[in-house]
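Below: one structure, written as structure tokens.
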Amino acid sequence: MPRRRRNKKVKRYHRSFYSREMKIKKALGILLLAVVVLGAAWLAAPYVLDWATHTWYTVVRDRDLPDSSPAASSEAESAPASSAGSEAASSEAASSAAASSEAAASSEPEPLPGTAIREGGWAAVSLSALSDEAAVRAEAQRLAAQGVTYALVPLKDASGYIYYASAVPAASRSVAAAVVDPALIASVFKEEGLVPVAGVAAFQDPVASYTDRSMAIQYAGEGGYLWLDAANAAAGGKAWLNPYADAASTFIADLIEELYGCGFEQVCLSAVQFPPIASSSQNFGETGGRSRDAQLAAVMAGWDARFAGRVTLWYEYPLDSCTGVSTALGALPAQLGVKNLVVGLPAGETQDPAVLADTAARMKELGAVHVVVRDSESGRFY
């Protein structure tokens with residue numbers, strides 16, 4: 001019988017083919033790779049966190065954040081040299097100083113515009129005290145020391161004279177022999193903290209009535225003869241401008257415009273009225289069927305519209321015109337649309353303060369916004 005062959009066993013040797021030197025190199029390579037990976041992860045961590053945070057807030061929370069994290073920013077800022085750091089410190093100090101000065105400036109109240117109405121005392125200024133710059137400044141300082149706010153300068157009075165060198169054509173015969181410099185007065189008064197107010201008498205004007213007769217009230221049926229408020233000139237009769245005449249209201253508006261150009265942003269108009277005498281001998285020309293009060297209201301509305309935002313207009317009326325309806329107005333001042341009212345008191349008469357307060361309250365009830373009660377020298381708000 002053939003002999004059975006036995007399978008030979010393979011002998012396995014557990015011996016490494018790496019030498020010791022190769023093992024050391026392999027270990028060092030693994031260690032180096034780990035260091036590189038960890039270093040890269042450490043450097044990239046702020047940016048990865050930035051991206052993750054930005055994505056969370058912008059996508060999930062619908063909010064916006066800056067693109068760089070504080071860590072990345074501080075890392076970038078630590079790079080410049082010491083000189084750059086000192087420049088940054090100087091710049092930061094300058095910015096801080098600028099911010100402080102801006103904050104201090106913003107805390108200071110802004111100056112009021114010249115048209116703004118302020119509560120404060122009124123004083124009438126004598127033109128004789130305004131002869132030159134030194135006199136003007138001394139008068140302004142005197143008034144300011146007394147606590148005066150509004151300085152009323154009479155630049156056109158009821159006698160028809162204008163006390164500055166007006167260039168308005170209809171004023172050619174009205175300029176007085178002695179005049180003042182309105183631009184200088186307005187400028188100095190403002191520098192001293194006062195509100196300069198130009199006083200202008202409107203329709204009571206016997207001078208301009210003769211300069212341009214079309215502006216004046218005439219006698220009915222007698223062409224060319226001006227109506228006088230007394231029997232004749234010898235008896236003291238004076239001519240009046242005609243409130244129905246467009247030329248007359250334009251003349252007054254042109255004077256206001258001229259004074260505005262000189263620096264007066266507030267004007268007090270007096271004699272915005274008809275003569276106190278109503279007579280059938282008065283010829284007003286074309287009236288358009290308007291009553292006296294309606295015509296005066298229309299004239300005022302025209303002036304207010306022309307000077308809106310540029311000149312604050314005050315209207316002065318005597319006390320009796322504010323306590324009862326007069327022929328000169330046909331209504332109470334506030335009913336004519338007057339918003340800024342000056343109530344003039346009779347010279348030398350003592351008035352009951354309660355009556356004055358009631359009169360001011362009544363005018364406000366009828367539409368006046370600001371009411372000043374003044375005598376010939378001073379005035380006060382109500």
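These figures come from a predicted structure and were not determined experimentally.
Looking only at side-chain heavy atoms (C-beta outward), L127 and V153 come within less than 4.5 Å of each other. Residues Y163 and D157 form a side-chain contact, since some pair of their non-hydrogen atoms from C-beta on lies under 4.5 Å apart. The shortest side-chain heavy-atom distance between I185 and V125 does not fall under the 4.5 Å cut-off. Inter-residue side-chain proximity for L332 and V325 is flagged as met; some heavy-atom pair is nearer than 4.5 Å. M363 places a side-chain heavy atom less than 4.5 Å from the side chain of L366. L228 has its side chain within reach of Y219: a pair of non-hydrogen atoms, C-beta onward, lies under 4.5 Å apart. Side-chain contact between W227 and N283 is absent, with no heavy atoms from C-beta onward closer than 4.5 Å. Residues V188 and L194 fail the side-chain proximity criterion, which asks for heavy atoms closer than 4.5 Å.
Comment: D212 does not engage R173 in a salt bridge, judged by the lack of any side-chain N to carboxylate O separation of less than 4.0 angstrom.
Y150 places a side-chain N or O within 3.5 Å of a backbone atom of R118 that can act as its donor or acceptor partner. Q282 contributes a side-chain N or O that, together with a main-chain N or O of I277, makes up a donor-acceptor pair within less than 3.5 Å. Between the side chain of S187 and the backbone N or O of A183, no donor-acceptor pair lies under 3.5 Å. N340 places a side-chain N or O within 3.5 Å of a backbone atom of L313 that can act as its donor or acceptor partner. Checked by atom type and distance alone, the side chain of K156 never pairs as donor or acceptor with a backbone atom of I162 at under 3.5 Å. Side chain of W303 to main chain of S249: a donor-acceptor pair is present (N/O by atom type, distance under 3.5 Å, no hydrogens or angles). In terms of modelled atom types and a separation under 3.5 Å, the side chain of D229 and the main chain of K238 share a donor-acceptor contact.
Here CE of M215 is found 11.5 Å from CZ of R213. Values are rounded to the nearest 0.5 Å. With rounding to the nearest 0.5 angstrom, the CD1 atom of I256 is 4.5 Å from the CZ atom of F307. Put simply, CG on L336 and CG on L296 are 6.0 Å apart, with the number rounded to the nearest 0.5 Å. The OG atom of S214 lies 9.5 Å from the CG atom of N242; values are rounded to the nearest 0.5 Å. For the atom pair OG1 of T250 and CG of L255, the computed distance is 11.0 Å after rounding to the nearest 0.5 Å. We find the CG-OH distance between D181 and Y164 to be 12.0 Å, quoted to the nearest 0.5 Å.
If you chain together hydrophobic residues whose side chains sit under 4.5 Å apart, V179 and V168 never meet in one group. Linking ILVMFWY residues whenever their side-chain heavy atoms come closer than 4.5 Å, directly or via other members, places Y210 and Y225 in the same cluster.
When every heavy atom of R306 is checked against every heavy atom of R310, the shortest pair comes out as O-NH2, 3.2 Å. The shortest heavy-atom contact between T359 and C322 is CG2-CB, 3.9 Å. In plain terms, the two heavy atoms of D132 and L184 that are nearest each other are C-CD2, 4.2 Å. When all heavy atoms of A167 and E258 are compared, the closest pair comes out as N-OE2, 2.7 Å. Counting all heavy atoms, side chain and backbone alike, E192 lies closest to A140 at CG-CB, 3.7 Å. Closest non-hydrogen pair, A170 versus A208, comes out as O-CB, 4.1 Å.
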(message) Quick one, Q204 with W240, criterion side chain to side chain contact (heavy atoms under 4.5 Å, CB included). Give me CA distance, side-chain angles, the key distance, then yes/no.
(response) CA-CA 5 Å; Q204 188 174 359; W240 282 64; 3.7 Å; yes

(message) Walk me through whether L356 and L345 qualify under side chain to side chain contact (heavy atoms under 4.5 Å, CB included).
(response) CA-CA 10 Å; L356 297 180; L345 302 182; 3.6 Å; yes

(request) Mind running side chain to side chain contact (heavy atoms under 4.5 Å, CB included) on V371 and V343 for me, showing each step along the way? (result) CA-CA 7 Å; V371 179; V343 180; 4.1 Å; yes

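Heavy-atom contacts from other residues, nucleotides or ligands closer than 6.0 Å to CD of E133 number 12 or fewer. A 6.0 Å sphere centred on OH of Y161 holds no more than 12 heavy atoms belonging to other residues, nucleotides or ligands. For R362, the CZ atom is loosely surrounded, since the number of other residues' heavy atoms within 6.0 Å does not exceed 12.
By the side-chain hydrogen bond (donor to acceptor under 3.5 Å, both in side chains) test, T287 is found to be paired with no residue, residues two or more places apart in sequence or in another chain being considered.
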With a cut-off of 3.5 Å and sequence neighbours excluded, list every side-chain donor-acceptor pair involving residues 262-276.
{"from": "E265", "atom 1": "OE1", "to": "K190", "atom 2": "NZ", "distance (Å)": "2.8"}
{"from": "Q266", "atom 1": "OE1", "to": "W314", "atom 2": "NE1", "distance (Å)": "2.9"}
{"from": "Q266", "atom 1": "NE2", "to": "G114", "atom 2": "O", "distance (Å)": "3.1"}
{"from": "Q266", "atom 1": "NE2", "to": "A116", "atom 2": "O", "distance (Å)": "2.9"}

